[in-house]
Amino acid sequence: MGIGRRSGSWLRDRLGWAVRPTLVAVASRVFSLALLLVLGRMRHPHTWNPMALWDGWWYLEVAEKGYHAAPVHVNTALGIGYHDFAFLPGWPMTIRLAAGVGSGLGLGAPMAAAIAANLLFVLAAILIWRVLADRLGNRAADRGLALLAFAPPAFAFSMVYSEPLF
């Protein structure tokens with residue numbers, strides 16, 4: 001910094017690089033959430049939370065009720081039981097933590113889990129961009145992050161799935 005040159009804020013000087021990946025990540029989450037809300041309502045009109053479809057409700061069940069030794073659901077036609085211990089505890093514990101924080105804001109576990117998933121994706125996107133930029137340059141990092149954030153299966157990063165945690 002030269003004499004007579006005014007420095008920007010400390011935060012902007014230190015974290016200014018994080019603005020671009022944050023904008024890409026947030027834009028992709030808005031896009032994914034819009035798709036989930038519109039298409040989720042079209043395909044599953046009676047489901048009030050399209051972010052908790054498919055395996056999402058298993059994670060919510062484990063977070064809210066814990067694991068069970070007996071099958072949680074039994075398919076009598078096939079004669080098989082479905083167990084919840086197939087869903088490892090890292091994401092259910094995160095959901096529980098988010099639900100505890102969210103309860104103070106009037107949010108239920110499904111909404112708190114969806115918010116946590118989206119926030120974790122934005123944080124991961126920033127870190128991924130930084131690693132790519134350090135090794136391959138800003139242009140490659142921008143393209144790589146855009147490909148990850150807007151890829152067709154990237155909507156799962158907005159759902160109540162464990163992917164954003166890992």
Side-chain angles (χ1 to χ4, degrees), residues 1 6-64 87-166:
M1 182 165 70
R6 297 184 80 176
S7 172
S9 74
W10 178 87
L11 189 61
R12 188 180 68 229
D13 291 344
R14 298 281 188 244
L15 297 177
W17 59 268
V19 172
R20 286 169 36 191
T22 301
L23 292 174
V24 170
V26 169
S28 72
R29 294 310 87 207
V30 169
F31 178 72
S32 291
L33 289 170
L35 282 178
L36 284 169
L37 291 173
V38 170
L39 298 176
R41 294 282 183 214
M42 289 170 56
R43 293 201 50 139
H44 305 281
H46 304 295
T47 302
W48 65 272
N49 187 354
M51 275 72 84
L53 292 176
W54 305 301
D55 286 349
W57 70 270
W58 281 97
Y59 286 112
L60 288 168
E61 287 282 321
V62 171
E64 292 173 350
F87 298 90
L88 300 176
W91 184 236
M93 287 189 304
T94 304
I95 291 174
R96 254 192 126 112
L97 178 66
V101 171
S103 67
L105 302 171
L107 299 174
M111 188 56 67
I115 291 170
N118 283 285
L119 290 175
L120 285 169
F121 176 78
V122 171
L123 178 63
I126 294 167
L127 296 174
I128 289 167
W129 186 92
R130 183 60 189 237
V131 168
L132 289 173
D134 286 349
R135 284 153 183 78
L136 303 172
N138 290 355
R139 187 171 180 199
D142 290 342
R143 289 179 177 183
L145 181 60
L147 286 172
L148 170 69
F150 288 100
F155 71 91
F157 294 128
S158 291
M159 297 180 73
V160 183
Y161 283 9
S162 61
E163 279 78 359
L165 181 63
F166 300 106

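Just so it is clear, the model here is predicted, and its values are computed rather than measured. The first residue of the sequence shown is numbered 1, and numbering continues consecutively from there.
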Nearest heavy-atom neighbours spanning A116 and A98
CB-CB, 3.9 Å

For the CG atom of L120 and the CH2 atom of W91, what is their distance to the nearest 0.5 Å?
5.5 Å

Separation of L123 CG from N118 CG (nearest 0.5 Å)
12.5 Å

Nearest 0.5 Å please: distance from the CG atom of L132 over to the CG atom of L127.
11.0 Å

Classify the side-chain pair W129/D142 by whether it contains a donor and acceptor separated by less than 3.5 Å.
yes

Against the six-membered ring of F121, is R29 placed for a cation-pi contact (under 6.0 Å from the centre, within 45° of the normal)?
yes

W17 CH2 to D134 CG distance, which is reported to the nearest 0.5 Å:
8.0 Å

Going by the angle between their ring planes, with limits at 30° and 60°, are F150 and F31 parallel, tilted or perpendicular?
tilted

So R20 and N138, do their side chains get closer than 4.5 Å, heavy atoms only?
yes

If you compare all heavy atoms of V24 against all heavy atoms of A149, which two are closest, and at what distance to 0.1 Å?
CG1-CB, 4.2 Å

Distance col, row L147:CG vs S28:OG, nearest 0.5 angstrom, shows 12.0 Å

